[in-house]
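Reckoned from all heavy atoms, side chains included, excluding hydrogens, waters and symmetry mates. Just so you know, ligand 1 is whichever comes first in the structure, and atom 1 is the first atom listed for that ligand.
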Amino acid sequence: MTSNQVLQQWVEEVSELTHPENIHWCSGSDEENQQLVDSMLASGDFIELNQETHPGCYLHRSDPNDVARVEQVTYICTSQRDDAGPNNNWMEPAGARAKMRALYAGCMRGRTMYIVPYCMGPIDSPLSRCGVEITDSPYVVANMRMMTRMGSAALARIEREGTFVKGLHSIGDLDPERRFIMHFPEELMIQSFGSGYGGNALLGKKCHALRIASFQARTEGWLAEHMLIVGVESPRGETHYIAAAFPSACGKTNLAMLIPPAQYDGWKIWTIGDDICWMQPGEDGRLWAINPESGFFGVAPGTAAGTNPNALAMLNSNAIFTNVGVTADNQPWWEGKDDEVPVTDWRGNPYDPEVGPAAQPNSRFTVPMKQCPSYSDEAENPGGVPISAIVFGGRRERLVPLVMESKSWQHGVLLGASMASETTAAATGAVGVVRRDPMAMKPFCGYNFADYWSHWLTFTNRADNLPSIFHVNWFRKDQDGNFMWPGFGDNMRVLEWIINRCKGEVGINETPIGGLPLPADINSTDLDTDSATLEQLLEVDSAAWSAEVEQIREYLEQYGDRLPARMIAELDKVAAALSASA
Ligand code: SAT
Ligand code: MN
């Protein structure tokens with residue numbers, strides 16, 4: 001029950017449509033969570049893990065057909081098709097609503113319908129936004145409780161403010177043919193059916209905090225981005241905050257929890273967020289950012305003491321593991337974790353390496369952010385943190401230098417729009433093909449990319465102390481196919497250079513594509529990369545870059561008339577500078 005009439009009426013409508021057996025308004029309390037856990041243990045939704053080594057940890061095995069986001073059935077339903085843009089699947093809103101209505105009819109018979117009020121961001125932050133997810137999945141409720149500020153405090157804020165995003169979710173019958181993730185940004189509404197998986201079902205995450213929020217941010221003058229946020233504290237006690245966007249498989253979670261190499265004594269990386277960043281100009285002309293989430297929903301495979309000790313350390317208690325393997329003593333296990341041999345695979349069958357990996361490659365952990373050893377209390381600051389630098393990145397074996405600085409905000413927007421990664425062997429299809437993923441928002445921008453870049457470009461009028469924009473590439477390879485840069489903790493050396501640039505403490509090598517470091521300005525004490533290789537990582541091949549510029553032009557031109565002229569002007573400047581230097 002609620003005093004908000006719109007919410008009360010919507011709950012009644014949904015209940016009449018879906019026919020749940022019970023309705024439960026979530027308070028977010030510990031007792032409520034315990035009851036939920038107990039009922040999931042009884043139903044088999046949760047399997048208890050070793051409570052001595054992993055207190056409060058549970059395993060969830062999903063339907064084997066329901067293990068990832070489903071972009072092909074994810075739609076943006078704006079009244080005008082062009083408002084969704086070539087970057088989205090579009091469906092006409094009335095048709096989409098009718099389709100979903102038919103699927104929802106009676107879908108919650110025999111189930112409990114949970115009303116989940118949540119707040120994206122600190123509960124008392126003006127940058128935060130609220131939503132309500134109605135779901136018939138207790139697994140979703142347990143996850144939302146970690147990933148968002150869920151329960152009574154969020155409902156109180158909704159009753160105070162009167163606005164919220166409406167998200168309706170049912171797992172339905174998990175039939176992939178009857179699975180749709182619909183977004184109605186003009187109505188601040190999400191409708192999801194047929195999947196219980198993370199990004200399809202935890203509606204606060206990609207559906208609200210990126211697709212709906214990006215649309216909302218455009219009308220309200222802020223940015224909703226697919227970025228991690230880290231604080232870099234120097235031995236002098238100064239902390240600079242960096243927001244960074246990468247396509248998948250570029251080590252975003254690792255960067256968010258980086259541990260600096262040994263000689264960075266007194267330096268510390270603070271984690272504010274690993275996935276989503278909402279930014280808004282402050283009175284001082286800087287951009288101030290919050291992480292709208294309060295938990296991590298991370299990929300388990302590859303998480304290890306060597307690659308990300310902070311992540312491993314936070315997974316010993318109060319975590320939900322989805323689709324991982326299990327050891328003989330009932331501990332969670334995934335490929336890359338350690339030398340143990342699991343006994344059970346993610347489907348619950350005896351583990352047989354001939355059949356496949358123990359953990360599903362997209363298996364996940366859900367864990368409260370506060371359990372991360374590098375978690376910063378600033379994540380709770382209602383005012384957010386001031387951003388000194390925005391970093392874009394991609395996985396490029398050739399061409400793209402280790403790091404470069406944009407010549408201006410506008411050029412930085414072009415760098416973001418040109419972001420790309422080469423496909424890895426992990427994805428199906430050809431290896432090494434360059435895929436554009438502007439601002440790492442390709443699957444998450446809730447409107448036409450051309451309008452999104454125009455919105456980014458307006459920030460020069462909105463704030464006069466904008467962060468510098470950089471582009472990084474940790475993934476260059478030499479002729480023999482070896483990585484030229486060690487990555488992981490050593491990326492700290494690049495972060496240090498970025499901060500030195502923000503403070504104006506080091507110079508720059510001006511090139512046609514942007515400002516590159518002078519090799520001597522990258523801290524190379526105890527670095528495994530020799531100086532010749534470092535120089536190669538900081539070179540510009542003008543002929544190859546001219547070809548790249550034409551590929552970027554071809555990509556951008558598909559956005560037609562709506563593409564801001566400024567973007568092509570920036571690209572032309574780069575092209576002209578490259579020809580002049582050739
Ligand atoms: O499924 S999620 O979108 O939540 C995770 C991811 O794909 O990044
Ligand atoms: Mn993500």
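- Of all protein heavy atoms, the one lying nearest to atom 3 (O) of ligand 1 is Arg69 NE, 2.7 Å.
- An angle of 90° is found at the Mn ion (ligand 2) between Asp275 atom OD1 and His226 atom NE2, rounded to 10°.
- Distances from the Mn ion (ligand 2) show that Lys206 has an N/O/S atom below 2.8 Å.
- At a 3.5 angstrom cut-off on N or O pairs, Asp275 does not count as close to ligand 1.
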CA sep, side-chain torsions, deciding dist, call: Arg476, Glu397, salt bridge (charged side-chain N to carboxylate O under 4.0 Å, His left out)
CA-CA 4 Å; Arg476 278 281 289 279; Glu397 290 189 7; over 6 Å; no
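- Annotation: Gln72, atom CD; neighbour count of heavy atoms from other residues, nucleotides and ligands within 6.0 Å is above 12.
- Between Trp278 and Gln216, the side chains place no donor N or O within less than 3.5 Å of an acceptor N or O (distance only, hydrogens not considered).
- Nearest protein neighbour of atom 6 (C) of ligand 1, counting heavy atoms only, is Arg364 NH2, 3.6 Å.
- Arg211 forms no cation-pi arrangement with Phe444, by the criterion of a distance under 6.0 Å to the ring centre and an angle within 45° of the ring axis.
- At the top of the distance list for atom 8 (O) of ligand 1, counting protein heavy atoms only, stands Lys206 NZ, 3.3 Å.
- Annotation for ligand 1: atoms under 4.0 Å from non-hydrogen atoms of Tyr197 are 1 (O), 2 (S), 5 (C).
- A donor-acceptor pair shorter than 3.5 Å can be found between the side chains of Asp136 and Ser170.
- Less than 4.0 angstrom separates some heavy atom of Gly199 from each of these atoms of ligand 1: 1 (O), 2 (S), 3 (O), 4 (O).
- Looking at Gly198 next to ligand 1, no N or O pair under 3.5 Å apart turns up.
- Ring centroid separation for the pair His455 and Phe459 comes in under the 6.0 Å cut-off.
- Under 3.5 Å, the side chains of Arg364 and Tyr197 contain a donor-acceptor pair of N or O atoms.
- Ligand 1 places these atoms under 4.0 Å from at least one heavy atom of Phe297: 1 (O), 4 (O).
- For ligand 1, none of its N or O atoms has an N or O atom of Lys205 under 3.5 Å away.
- When ring centroids are compared, Phe296 and Phe365 stay outside the 6.0 Å threshold.
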